Amino acid sequence: MQVYAPLYILVTGSIRNTYFCSMSIVSQLQQCTIAGLKALYERPFTAADFQVNQTKPEFEGDYTVVMFSLMKSLKLAPEEIGSALGGYLIQEYPNYFSAFNIIKGFLNLTVTDTYWTSLLQEKHADTGYGKKAMSGKKVMVEYSSPNTNKPLHLGHLRNNFLGWSVAEILKANGYEVIKSCIVNDRGIHICKSMIAWQFFANGATPDSTSTKGDHFVGTYYVRFNDEYKKQVESLVVSGLTKEEAEKEAPLMKATQQMLLNWEAGKPDVIDLWKTMNSWVYQGFDITYKRIGSDFDIIYYESNTYLLGKDIVQQGLDKKVFYKKDDGSIWIDLTTEGLDEKIVQRRDGTSVYITQDIGLHLQKYEQYKFDQSIYVIGNEQNYHMKVLQLICQKLGLPNADNIFHLSYGMVELTTGKMKSREGTVVDADDLVDEMIQTSRQHTEELGKVKDFTATELDALYNTIGLGAMKFYLLRVDPKKTMVFNPEESIDFHGFTGPFVQYTHARIKSILRKEPVTAHTPLPVLSPLLKLEKELLVILEQYPGIIEQAGDEHNPSVVANYVFNVAKIFNSFYTEHPIVSAETEEKKHVRLKLATMTANVIRSGMQLLGIPVPERM
RNA sequence: GGUCCGGUAGCUCAGUUGGAUAGAGCAUCAGCCUUCUAAGCUGAGGGUCAUUGGUUCGAAUCCAAUCCGGAUCACCA
C-alpha cells in the first residue's frame, strides 16, 4: 500500500476526526460510514454491509452510499438513515464531505474541493503515483513460448503484449518480476522443416535468398506439409488407406528417423538443427526487439525435455503415479473429475506434461518465487489444470501458486487463423503495416514537419506499435477476440494513438507554461464540473493498478487510461488553461494537466506503450 | 458424450462481490478550427442484455433448464 503524507489533512482535535490518509476516497467513505453508523445506532457494521458507488452523473454528488441493506437491518426509512448519516459525515469529517442529498435508498455525498485540490497539490508531479513499494515478493511470468519452425504471428503478439504488460503491472504492485520464456526448439515438428530443407533447398540460406531467418525456415515447414500431402495422396491412389499412407509417406519416415538421430545426438543432424535454429533466432531477435519484448531467462526445450524423470520415480514411490503392465506410467485424476493422464511412455521417455513438472521445479529452485504465472492460450486450460494438480499431489513447492493466465484466441473477421491454410496474420507484416499507416496519417496531418528523419522514424514506431498493442490489450484477456484489420489501423476513438495524442497535447501546453513556476495551492474558487471530474478519475488510478494486478488484466488499465484521456479532452475543449479566467484557475489547470499527463504516461507504460512529446 | 469458457447496439467491446434511466468506440446523421495540437469536441438515432422460469424491495449480474458458438478430453507439443 502506498503511503503519502497527508499534507491536506487538518487535524481538528476530535478523536472521531482521525483520518485514513493513505486510502482511496472510497475506502475513506466506507470507514467514515462505519464510524457514523456505530455512533448513531451503536451497532457494528463492516464495509460489506453497504455499498459505495460513484454517483451517477445525473445526480448531485461524487460518491454514493447505497442504503437498501442498511434500511433492512436497521428497520428504518432511507430518509431517516440518510439524513442522520449524511449530517454526521458532514459534521464530523468536514474536510472530506461538504454536502449530501437523499434519493430513494441512495445517499449522495459531495466530496470537498479541499480534498481534491490537496490531492492535486500533492500528486500532480509524482511520477510514481499509484505504484506500490516493493513487497519483497517474487513472481515469474512465462510468456511468448515460440516454436522454432515458423515466424511469430498475431496470436503470439497477443501473448507477448499480455505477458509484458502483466509483468509491468505486477512490478507496479510491488513485486519483483522475472520474465521467462520456454522455446519449443525440438520435436517432430522441428524435424519437418529440417527435412524439407534437406530435400528441397539446394543449400539455400536466409542470406542467399535475402530472407529473414524465421520466415525462411517457416517456408520449409509449409513446404513439408505441401509435399507430404502430395505423397499421401499418391499413395492413396496406389491403393493404401489414408491412415497407412500417412504412416508410409517417405517424408514422414525420414522425419521420424531424423528425430531418432537427433535424440541419439548424431553430429550431422545436430549441426543442421543448430544452424536452422540459429536462423530462426536471428529472425526472432529482430521481431522481439521491434515489439519490445525481452526475457530475463530463456529456457530451451532441448534442455528441459528430459526433466521430470526423477520426479516420476518419486511419484511412483509416493503412489501418486502407477505403472501399467506395458511399463507406461500414469496418474488417475478421475476423482477430480478429470481423466487418466500418462506421465511417462512405455519406452521410458517423458511426455509434454512431465517436462513441465520438471521445469516448474527447476524454476523454483533457481528463483524461489512466490508465484508462477503462465501466459498460455485457453486451448491449454485442461493441460494447465492437470499440471497444477499433479504438482500439488506430488507436494512440490509452491504448487498452489501456479497461475494460468489463460487468454482467448485471436480470430479474423473471416474466421479462424490456420497455419496450414495460410490464413495467419504474420507478426512482422502486421508491424510493418501499422508503422506504414502511422507514417501516412502523420504526413497527412503535417504537424511535425520540423522533425529529423530519426525522430520521425521513432514517432512512426511509437504510434504504429502503440495502436497495435492497445488494440490487442484493450480486450479482456480471457475473451476470444476478433481482429478486424480496418479497425486495428484506426487511430481515432478507443485507440492507443488517441491516448498518445492527448498526452502530446498536454505536453505542448506545458512546454510553454512549466508548472513549476507557480505558487502552491490552496484554491478558493470552487472546482468546475469538468475539473472535478478529472480529479475524481485521477484519484482512482492507484485502485486501477491494484485491480489490474489482482486480475492479471491489462484491459483494466487500457479502459481507464482511455477514460482519463476522454475526460481531459472534454475539459480541454471547454476550459482554457494558459489563458484561464484567473491566475488561480490557471495554476489549478496546469497542475491538472501535469497530473493527467503523468497518469497517462504511467498507465500506458504499464501496457508497454510509450507516449510521445509531440505528434 | 464429459468438462470448461462465452452469447450485451449494425460491428468491436465495457459493465457481473445484485442498485438509480444498461455505457464507450467504430459506422450513420447534424454541428464546432481567427482562440493552449480537429489523431479533438458537442449532439442525435440505434438495445427483448440468447430464451424461459426462479430467488427479492431491486437481476445484464445470482440459481435452474433450454438454444447457439468455441476450446478440450493423444504414449503430439
Side-chain angles (χ1 to χ4, degrees), chain A residues 48 51 53 55-56 58-59 64 66-69 71-72 103-106 108 145 147 184 186-190 301 305 324 326-330 337-347 349-353 355-356 377-383 385-386 406 408-409 411 413 416 438 441-442 444-445 447-448 463 467 471 474-476 478-484 486-488 490-502 504-513 555-556 558-559 562-563 565-566 568-580 589-590 593 614-615:
Chain A
Q51 212 168 6
N53 294 340
T55 305
K56 300 259 174 201
E58 56 268 35
F59 301 102
T64 297
V66 183
M67 299 185 290
F68 291 102
S69 50
M71 286 151 55
K72 211 172 208 175
I103 297 173
K104 291 195 273 181
F106 302 94
N108 302 324
S145 309
N147 293 345
N184 189 238
R186 64 161 287 282
I188 194 86
H189 54 302
I190 306 299
E301 209 189 288
Y305 82 107
K324 285 194 177 174
D326 65 2
S328 58
I329 300 175
W330 297 71
L338 305 175
D339 303 293
E340 293 185 336
K341 186 88 186 171
I342 190 162
V343 294
Q344 191 174 94
R345 299 188 187 98
R346 62 169 170 252
D347 64 8
T349 56
S350 56
V351 296
Y352 179 45
I353 198 142
Q355 303 168 37
D356 276 349
N378 61 12
E379 70 223 342
Q380 299 210 36
N381 285 357
Y382 182 78
H383 171 79
K385 204 168 170 182
V386 171
S406 164
M409 298 293 101
E411 292 179 0
T413 42
K416 293 187 179 189
S438 77
H441 279 251
T442 306
E444 278 168 14
L445 290 168
K447 292 180 186 178
V448 287
I463 298 173
Y471 184 81
R474 68 184 201 184
V475 182
D476 186 334
K478 61 178 180 290
K479 290 200 171 176
T480 302
M481 66 172 288
V482 176
F483 181 86
N484 181 330
E486 285 136 46
E487 203 176 83
S488 72
D490 190 353
F491 292 173
H492 303 271
F494 187 19
T495 67
F498 169 85
V499 180
Q500 291 173 322
Y501 172 72
T502 308
R505 243 183 174 183
I506 295 172
K507 283 305 170 123
S508 160
I509 296 169
L510 296 177
R511 270 192 300 276
K512 291 168 194 155
E513 291 275 351
S555 77
V556 170
N559 279 281
F562 169 65
N563 284 322
K566 211 166 43 147
F568 180 84
N569 281 323
S570 297
F571 161 75
Y572 174 95
T573 312
E574 192 77 21
H575 304 294
I577 296 172
V578 173
S579 53
R589 289 178 192 164
L590 281 170
R614 292 178 57 194
M615 66 185 275

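Because the structure is predicted, anything quoted here is derived from the model rather than measured. Heavy atoms only: backbone and side chains are in, while hydrogens, waters and symmetry mates are out.
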Of all the choices, [options], which nucleotide is nearest to the side chain of [X] once you look at every atom?
X: A:Thr573; options: B:A71, B:A77, B:G40; answer: B:G40
X: A:Glu487; options: B:G25, B:C41, B:A20; answer: B:G25
X: A:Gln51; options: B:C75, B:G19, B:G7; answer: B:G19
X: A:Lys566; options: B:C41, B:C36, B:A20; answer: B:C41
X: A:Met481; options: B:G70, B:C13, B:U72; answer: B:C13

Distance test, side-chain N/O of [X] to OP1/OP2 of [N], below 4.0 Å:
X: A:Lys479; N: B:A14; answer: yes
X: A:His492; N: B:G25; answer: no
X: A:Lys478; N: B:U16; answer: no
X: A:Arg505; N: B:A38; answer: yes
X: A:Lys56; N: B:U21; answer: no
X: A:Arg345; N: B:C76; answer: yes

Separation of [X] atom [atom1] from [N] atom [atom2], in whole Å?
X: A:Glu411; N: B:A71; atom1: CD; atom2: C1'; result: 10 Å
X: A:Asn563; N: B:G23; atom1: CG; atom2: C1'; result: 10 Å
X: A:Gln380; N: B:G70; atom1: CD; atom2: C1'; result: 16 Å
X: A:Phe498; N: B:C41; atom1: CZ; atom2: P; result: 4 Å
X: A:Met409; N: B:G6; atom1: CE; atom2: C1'; result: 14 Å
X: A:Met67; N: B:C57; atom1: CE; atom2: C1'; result: 14 Å
X: A:Asp339; N: B:C75; atom1: CG; atom2: P; result: 11 Å

Write down the distance separating the [atom1] atoms in [N] and [M], rounded off to the nearest Å.
N: B:G53; M: B:G47; atom1: P; answer: 22 Å
N: B:A22; M: B:C4; atom1: P; answer: 33 Å
N: B:C57; M: B:A71; atom1: P; answer: 43 Å
N: B:C11; M: B:U52; atom1: C1'; answer: 28 Å

Where does RNA chain B form stems of at least three consecutive Watson-Crick or G-U wobble pairs, each pair having both distances below 3.5 Å?
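Result, WC/G-U stems under 3.5 Å: B:1-7 with B:67-73, B:10-13 with B:23-26, B:28-32 with B:40-44, B:50-54 with B:62-66.
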
Closer than 3.5 angstrom, by distance alone: can the side chain of [X] be matched with the main-chain N or O of [Y] as a donor-acceptor pair?
X: A:Arg589; Y: A:Pro576; value: yes
X: A:Thr349; Y: A:Arg345; value: no
X: A:Ser508; Y: A:Ala504; value: no

Give a yes/no verdict on base stacking between B:G19 and A:Phe106: centres under 5.5 Å, planes within less than 30° of parallel.
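Per 5.5 Å and 30° rule: no stacking.
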
A:Phe68-B:G19 aromatic stacking (under 5.5 Å, under 30°)
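Yes; by the centre-distance and plane-angle rule, A:Phe68 counts as stacking on B:G19.
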
Here's a test of your reading of the structure: between A:Thr480 and A:Pro497, which maps to the more 5' nucleotide of RNA chain B?
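Here A:Thr480 is the residue nearer the 5' end.
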
Starting at the 5' end of RNA chain B and moving along, which residue's nearest nucleotide shows up first, A:Lys512 or A:Lys104?
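Nearer the 5' end of the strand: A:Lys104.
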
Just checking [X]: base, sugar-phosphate only, or nothing, at a heavy-atom cut-off of under 4.0 Å?
X: A:Tyr501; value: base
X: A:Val475; value: sugar-phosphate
X: A:Phe491; value: base
X: A:Phe562; value: sugar-phosphate
X: A:Glu301; value: sugar-phosphate
X: A:Met615; value: base
X: A:Asn484; value: nothing
X: A:Thr442; value: base
X: A:Ser570; value: sugar-phosphate
X: A:Leu338; value: nothing
X: A:Val482; value: sugar-phosphate

Examine the base of [N] for any acceptor or donor lying under 3.5 Å from a partner atom in the side chain of [X], and report the outcome as yes or no.
X: A:Ser508; N: B:C36; answer: no
X: A:Thr64; N: B:A20; answer: yes
X: A:Asp356; N: B:A77; answer: no
X: A:Asp326; N: B:C75; answer: yes

A:Lys341 atom NZ, over 12 foreign heavy atoms within 6.0 Å
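Correct, the count exceeds 12.
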
Going by salt bridge (charged side-chain N to carboxylate O under 4.0 Å, His left out), name the residues that satisfy it together with A:Lys385, two or more places apart in sequence or in a different chain.
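A:Lys385: no salt bridge (charged side-chain N to carboxylate O under 4.0 Å, His left out) contacts found.
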
Which word best sums up how the rings of A:Phe483 and A:Tyr471 line up, parallel for under 30°, tilted for 30 to 60°, or perpendicular for over 60°?
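Perpendicular.
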
Is a donor from one side chain sitting under 3.5 angstrom from an acceptor on the other, for A:Tyr352 and A:Asn184?
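Absent: no donor and acceptor within the cut-off.
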
I'd like to know if A:Lys416 and A:Glu379 make a salt bridge, using a cut-off of under 4.0 Å between side-chain N and carboxylate O.
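Looking at A:Lys416 and A:Glu379, the cut-off is not met.
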
State, to 0.1 Å, how close A:Phe562 and A:Val499 come at their nearest heavy-atom pair, and which atoms those are.
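Taking every non-hydrogen atom into account, CA-CG2, 4.1 Å.
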
For A:Ser406 against A:Gly377, the heavy-atom pair lying closest together:
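Minimum heavy-atom contact is OG-C, 4.4 Å.
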
Within 90° of 0 counts as syn, otherwise anti: where does B:C33 fall?
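Syn conformation for B:C33.
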
